[in-house]
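Here the structure comes first, spelled out in structure tokens, and everything after it is commentary.
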Amino acid sequence: MTAGEPGRPQVPGYVHTTGRTETETEIGWSLETLLRVTSSALPLNGPLSSRSHRRLFSDCAGLTSVVEAAAHMRQPVSVVRVLAEELVASGHLAVPTPHHPTRAHDSAPSRELLQEVLDGLRNHEFA
Amino acid sequence: MASETTSSPDGRPPLPVRKGRAGRYLPDTVTQSVKILVVGPFGVGKTTLTASVSEIEPLRTEERMTEASVGVDDLRGLESKTETTVAMDFGRITLNPALVLYLFGAPGQRRFWDLWQGLVVGAVGLLVLVDTRRLEDCFDVLDQWEAHRLPFIVAVNRFPGSEDFDDDEIREALDIPFSTPVVQCDATDPLQSGEALRTLAAHALACREEEALK
Ligand SMILES: Nc1nc2c(ncn2[C@@H]2O[C@H](COP(=O)(O)OP(=O)(O)OP(=O)(O)O)[C@@H](O)[C@H]2O)c(=O)[nH]1
Ligand SMILES: [Mg+2]
């Protein structure tokens with residue numbers, strides 16, 4: 001496992017963004033993209049205070065993913081993803097910085113990540 | 001490990017094990033998510049396999065598909081569309097304090113995949129479930145997914161009454177490379193389903209390493 005790995009912070013970092021355009025290029029949004037509220041989040045207001053925005057915000061009280069939040073909200077992932085992008089851009093939600101960053105021009109998981117998946121499955125107790 | 005199983009000595013089917021051992025939220029230490037797609041024709045056991053290995057009760061995500069229908073209404077400028085809801089079940093396994101794996105039981109038909117943007121992108125690989133009683137139902141699924149060039153393995157879901165075929169017979173029938181792993185798997189059994197996932201991950205890693213040598 002990775003817990004004792006040198007140089008890995010105990011508290012994970014988050015992808016920080018300043019504006020919407022930057023957000024879209026930095027985060028490779030997918031169904032499994034992780035999400036949670038930021039510790040410094042201010043109350044939702046203005047166009048971000050719709051029922052759906054508030055629901056997503058409260059569903060992300062702990063670390064979750066776009067698809068899980070969507071399932072709990074009974075909303076299509078396509079809808080929730082747009083809400084999530086808005087709330088990430090506004091700083092209310094954040095996406096953890098992956099410890100295996102994806103490389104440009106190659107969306108496939110790296111060798112290191114695949115090894116970690118395999119090790120994880122080998123150590124996992126099914127049943 | 002086996003202490004958790006509930007299979008009985010008299011050959012009765014195992015009792016279902018209650019899920020919910022994992023909380024709704026992931027541990028705060030998780031920084032990465034990956035996915036495996038469980039694909040196969042209608043009723044082959046995608047949801048069953050996902051449920052047997054998932055640490056949460058499988059969840060369902062739905063997308064609406066709108067298909068325009070041609071009719072007289074169009075002439076009057078009125079909307080004439082039919083709406084269908086397409087569902088996909090998914091589960092998850094937290095693999096280590098920093099990594100979570102999602103399993104998506106993707107629908108078999110191609111026209112549905114595009115409803116979920118990015119469903120295929122970045123996946124570890126595909127677990128193609130087949131039922132030997134109706135192998136031809138898988139041809140179309142394989143045709144579609146092979147185009148995505150993701151690593152895949154074939155898991156033969158053993159239903160009562162299925163005949164035995166050896167791995168090479170399956171490969172030949174499905175016209176897949178001899179390097180493709182084929183596993184026999186009862187989708188209701190977490191141990192066998194977990195073993196199928198391990199085989200897929202090992203195959204994906206081997207494919208990646210082979211690619212790096214080129
Ligand atoms: N005996 C036995 N029954 C199985 C097995 N896998 C699935 N089934 C049964 O087969 C039926 C279909 O399984 P599902 O898991 O719903 O199949 P699916 O691929 O998700 O089906 P769709 O989502 O409708 O395409 C259910 O009644 C299951 O209980 C298996 O390994 N053994
Ligand atoms: Mg299903």
Side-chain angles (χ1 to χ4, degrees), chain A residues 1-3 5 8-14 28-34 36 59-68 70-72 74-81 95-102 106-127, chain B residues 1-5 17 23-36 52-53 56 59-64 90 92-102 104 115-119 121-124 150 189-195 197-198 200-202 204-205 208-209 211-212:
Chain A
M1 196 357 260
T2 46
E5 223 172 85
R8 167 90 53 82
Q10 284 303 299
V11 179
Y14 283 80
W29 286 97
S30 193
L31 288 82
E32 70 279 13
T33 301
L34 301 171
R36 69 159 301 153
D59 274 345
C60 295
L63 185 64
T64 187
S65 59
V66 175
V67 71
E68 273 190 80
H72 287 292
R74 298 178 188 279
Q75 291 282 335
V77 179
S78 52
V79 169
V80 172
R81 153 141 178 219
V95 175
T97 312
H99 56 275
H100 295 287
T102 41
D106 187 4
S107 56
S110 66
R111 208 204 67 79
E112 293 72 22
L113 178 52
L114 291 172
Q115 184 70 60
E116 199 178 322
V117 172
L118 179 58
D119 293 343
L121 286 168
R122 281 188 176 144
N123 294 331
H124 188 80
E125 287 200 12
F126 290 96
Chain B
M1 197 192 245
S3 63
E4 293 287 321
T5 58
V17 176
R24 161 150 179 200
Y25 292 116
L26 296 161
D28 272 341
T29 46
V30 172
T31 52
Q32 190 116 30
S33 54
V34 287
K35 67 188 159 195
I36 283 175
S52 79
V53 294
I56 54 167
L59 293 165
R60 165 165 292 224
T61 172
E62 294 182 345
E63 289 286 332
R64 275 169 229 134
F90 67 97
R92 71 163 205 240
I93 306 171
T94 304
L95 292 179
N96 71 39
L99 181 64
V100 64
L101 169 67
Y102 282 90
F104 292 107
L115 290 176
W116 287 276
Q117 204 192 336
L119 175 62
V121 178
V124 168
L150 286 177
D189 179 10
L191 291 175
Q192 292 182 35
S193 301
E195 199 49 44
L197 294 177
R198 289 177 186 139
L200 172 58
L205 179 60
R208 185 86 202 170
E209 284 173 342
E211 216 172 87

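Lettering follows sequence order; numbering is per chain, from 1.
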Thr61(B) side chain to Val67(A) backbone, donor-acceptor under 3.5 Å:
no
Apply the test side chain to side chain contact (heavy atoms under 4.5 Å, CB included) to residues Phe90(B) and Glu68(A): give CA-CA distance (whole Å), side-chain angles for both, the deciding distance (0.1 Å), then the verdict.
CA-CA 9 Å; Phe90(B) 67 97; Glu68(A) 273 190 80; 3.6 Å; yes
Counting only N and O atoms by type, is there a donor-acceptor contact under 3.5 Å from the side chain of Ser30(A) to the main-chain atoms of Gly118(B)?
yes
Just do the side chain to side chain contact (heavy atoms under 4.5 Å, CB included) check on His72(A) and Leu59(B) with the steps written out, would you?
CA-CA 8 Å; His72(A) 287 292; Leu59(B) 293 165; 3.9 Å; yes
Looking only at heavy atoms and a cut-off of under 4.5 Å, which of Leu200(B), Leu150(B), Ile93(B) has the most pairs with chain A?
Ile93(B)
Please classify the contact between Thr33(A) and chain B as side chain, backbone, both or neither, with a heavy-atom cut-off of under 4.5 Å.
backbone
Is it true that, when you exclude Arg64(B) itself, more than 12 heavy atoms of the residues, nucleotides or ligands shown sit nearer than 6.0 Å to its CZ?
no
For the OG1 atom of Thr64(A) and the CZ atom of Arg92(B), what is their distance to the nearest 0.5 Å?
7.0 Å
Give, as side chain, backbone, both or neither, the part of Gln117(B) having an atom under 4.5 angstrom from any heavy atom of chain A.
both
Residue, of Ser33(B), Ala202(B), Ala201(B), Ala212(B), that accumulates the most heavy atom pairs under 4.5 Å with chain A
Ser33(B)
Structural part of Leu197(B) lying under 4.5 Å from a heavy atom of chain A
both
What pair of heavy atoms forms the shortest contact from Glu209(B) to Arg111(A), and how long is it?
OE2-NH1, 2.7 Å
Which heavy atom of Ala123(B) sits nearest a heavy atom of Pro109(A), and at what distance?
O-CD, 3.7 Å
Taking all heavy atoms of Cys60(A) and all of Tyr25(B), pick out the closest pair and write down the distance.
N-OH, 4.3 Å
Please state whether the side chain, the backbone, both or neither of Ser193(B) comes within less than 4.5 Å of a heavy atom of chain A.
neither
Side chain from CB out, backbone as N, CA, C, O: work out which of these in Asp119(A) comes under 4.5 Å of a heavy atom of chain B, or both, or neither.
neither
Search all heavy atoms of Glu116(A) against all heavy atoms of Asn96(B) and return the closest pair with its distance.
OE2-ND2, 2.8 Å
Please report the shortest heavy-atom distance between Leu63(A) and Val30(B), naming the atom on each side.
CD2-O, 3.3 Å
Do any N or O atoms from the side chain of Glu63(B) and from the backbone of Val77(A) form a donor-acceptor pair under 3.5 angstrom?
yes
Any idea which of Ser78(A), Ala61(A), Gly120(A), Gly62(A) has the most non-hydrogen atom pairs under 4.5 angstrom with chain B?
Gly62(A)
Are Leu31(A) and Trp116(B) side-chain neighbours, meaning at least one heavy-atom pair lies under 4.5 Å?
yes
Taking atom CG of Leu114(A) and atom CG of Leu205(B), what is their separation to the nearest 0.5 Å?
6.0 Å
Chain A contacts, top residue of Val121(B), Leu119(B), Leu99(B) (heavy-atom pairs, under 4.5 Å):
Leu99(B)
Mind checking whether Leu101(B) and Leu121(A) have side chains closer than 4.5 Å, heavy atoms only?
yes
